[in-house]
Trainee: 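This is the structure I want to talk about, given as structure tokens.
Scope of the values below: all heavy atoms of this structure, side chains included, with no hydrogens, waters or symmetry mates. The sequence lines fix the lettering, A, B, ..., with proteins before strands; numbering per chain opens at 1.
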Amino acid sequence: VTRPVPSSLAPIPVPDPDSAGYWDALREGTLKLCRCVDTGTWIHPPQERSPDGGAVTFEEVSGRGTIFSFIVVRQQTVPGHQTPYVVGVVELDEQVGLRLTGIVDAEPDQVRVGARVRARLGAPTPGSDFRAPRFELETPHGSR
Amino acid sequence: MSCAIVGIGRTDYSRRSGRTTKSMAAQACRAALADAGLTPSDVDGMSTYQANDSAHPLEVSRALGIEELAWANSAYGGGNLVADQIATAAAMIEAGLCLAVLVYRSLNGRSGYRFGTVDTQLRIEGDGQFDAPSGFIVPPQWFAMWARRHQHTYGTTAHDLGHIAITQRSHAVPNPHAVMRETLTMDSYLASRWIAEPFRVLDCTYEVDGAVAILLAGEDVATGTRQRPVWLVGSANSQSGAGWTQWPDPTRMYSATAGPRLWDRTGLTPADMDVACMYDCFTYTVMATMEDYGFCGKGEVGAFFGEGRATYGGDVVVNPHGGLLSEGYIHGLNHHFEAALQLRGDAGERQVSNAELALVTAGAGPFGGANIYSREHP
């Protein structure tokens with residue numbers, strides 16, 4: 001039995017009216033998240049209205065943050081990425097508890113909880129026709 | 001509450017049933033009815049929970065020759081709904097809307113739809129869409145992510161998780177219904193293959209095909225059935241939509257809220273429990289929920305299991321059937337079967353002596369609940 005190439009069956013996100021601003025911004029090369037107009041609170045996943053019914057908008061975030069937690073996927077249980085690979089939950093600098101998931105482009109033994117990372121926007125897998133944030137470790141001097 | 005489990009039924013658990021979920025559900029329901037000494041015509045309610053992977057109560061009732069039901073309920077969801085399924089059935093009975101309700105779960109969890117493995121191209125809608133690009137869409141990865149945070153915060157280790165897997169396996173060894181019955185050592189646990197670090201394969205539930213049915217009835221019916229009734233003392237849930245990424249503190253689960261709610265509602269404490277059937281989709285679920293329900297402090301679960309406090313002769317016997325980790329993954333309803341067996345005193349070689357009260361938890365992560373059952377009428 002020939003196993004399919006992992007990337008050929010990668011899961012596909014389905015944008016909706018609430019999330020279109022997020023995916024559209026990524027397509028244009030920026031990382032924007034949903035934000036309450038009145039309070040400035042970031043809301044992720046995005047919503048049509050804030051919890052109290054107020055207006056929201058999509059605003060760019062820095063993409064910088066810290067590794068809140070991470071896993072090293074060694075068994076191919078989901079198609080898409082060649083094992084082993086690292087998935088991180090990244091807490092963004094903008095707000096406590098505001099977190100994104102993404103592939104961390106680093107060797108598994110280099111990743112630590114609390115490590116500084118920054119987002120890089122790209123195709124999740126070869127052939128993907130959309131962009132998503134991935135994360136790379138910041139060097140001590142801030143860039144590589 | 002004045003409802004009881006009056007009948008329990010199940011199929012064999014296997015890797016490939018070769019059967020429909022309808023047929024397995026019908027077999028488990030017939031067994032529960034025979035156990036109680038009742039017939040299909042005594043049943044006027046049926047309820048299940050599923051992920052579009054199982055037969056609806058309308059189909060199963062038809063297979064049992066039941067012409068119509070007063071209540072035919074199918075909830076979309078997972079193990080987080082099990083305690084709620086039982087409590088809602090009891091509420092229906094106590095409200096006078098049903099006389100006797102069959103709650104079942106039937107799945108080809110190994111040969112059919114597997115929760116932990118994706119082998120087709122999925123299109124992910126809703127809140128999960130943001131995790132699709134990284135493939136962060138299956139339970140073993142979600143819970144490994146949470147376990148890592150616990151390790152970071154409290155210094156818990158692979159050995160701590162290993163003690164949970166090893167203790168539960170030791171309970172499964174004498175259980176003829178369990179699928180995993182070989183004695184497990186720390187060395188063999190640590191040598192088992194990685195799924196998603198920090199989880200090894202032995203941190204994960206053993207997916208199987210099979211079905212369990214639990215028959216509930218009110219006091220008037222329960223006093224006339226064939227087995228000793230096992231009484232529902234109380235139930236509590238906590239269901240949050242915070243998800244796997246935004247949940248504030250993954251070192252705690254739903255149980256940090258549902259636990260105190262349950263103890264407050266029943267006036268009981270963890271020390272009163274003789275048996276604890278802890279929902280164990282993963283070893284880490286047992287760790288976090290044991291802490292949350294108050295059996296021990298944060299970061300102490302490894303020692304709690306390692307020192308024998310979670311087995312015979314200890315504080316409480318956790319998953320005497322082996323749990324989902326070793327008996328098999330019937331999505332948590334097999335925990336209720338085991339609790340009933342233990343409180344009747346019918347668990348044979350693995351009987352917990354003088355078992356009077358059992359905690360049965362359901363679910364993990366942001367959502368779940370628990371029931372307490374009693375041998376004596378509460």
Trainee: Quick one: which of Ala132(A), Gly114(A), Ser19(A), Pro108(A) has the most heavy-atom pairs under 4.5 Å with chain B, could you say?
Mentor: Ser19(A)
Trainee: Hey, do the aromatic rings of Phe115(B) and His331(B) have their centres closer than 6.0 Å?
Mentor: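 For Phe115(B) and His331(B), the ring centres are under 6.0 Å apart.
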Trainee: Measure from NZ or CZ of Arg27(A) to the centre of the six-membered ring of Phe130(A) and say whether it is under 6.0 Å with the direction within 45° of the ring axis.
Mentor: no
Trainee: Go through Phe135(A) and Arg118(A) one step at a time and tell me if the side chain to side chain contact (heavy atoms under 4.5 Å, CB included) criterion holds.
Mentor: CA-CA 5 Å; Phe135(A) 293 93; Arg118(A) 65 178 182 186; over 6 Å; no
Trainee: Side chain, backbone, both or neither: which part of Trp247(B) has an atom under 4.5 Å from a heavy atom of chain A?
Mentor: backbone
Trainee: Please classify the contact between Phe136(B) and chain A as side chain, backbone, both or neither, with a heavy-atom cut-off of under 4.5 Å.
Mentor: side chain
Trainee: Looking at Ser134(B), Ala132(B), Gly116(B), which makes the most heavy-atom pairs under 4.5 Å with chain A?
Mentor: Ser134(B)
Trainee: Could you check whether any side-chain heavy atom of Phe70(A) comes within less than 4.5 Å of a side-chain heavy atom of Val89(A), counting everything from C-beta outward?
Mentor: no
Trainee: Pick one of side chain, backbone, both or neither for Arg193(B), based on which atoms fall under 4.5 Å of a heavy atom in chain A.
Mentor: side chain
Trainee: Among Thr83(A), Thr125(A), Val87(A), who wins on heavy-atom pairs under 4.5 Å with chain B?
Mentor: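 Top count of heavy-atom pairs under 4.5 Å with chain B: Val87(A).
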Trainee: Please tell me whether His44(A) and Tyr22(A) form a close aromatic pair, meaning their ring centres lie under 6.0 Å apart.
Mentor: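 That pair passes the under 6.0 Å test.
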Trainee: Can you tell me which portion of Pro133(B) sits under 4.5 Å from chain A's heavy atoms? Options are side chain, backbone, both or neither.
Mentor: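 Both backbone and side chain.
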Trainee: Given the ring of Tyr206(B), does Arg15(B) sit roughly above its face, with NZ or CZ under 6.0 Å from the centre of the six-membered ring and within 45° of the axis?
Mentor: no
Trainee: Which one of Val86(A), Leu100(A), Val113(A), Ile103(A) has the most heavy-atom pairs closer than 4.5 Å to chain B?
Mentor: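 With the most close heavy-atom pairs to chain B, the winner is Val113(A).
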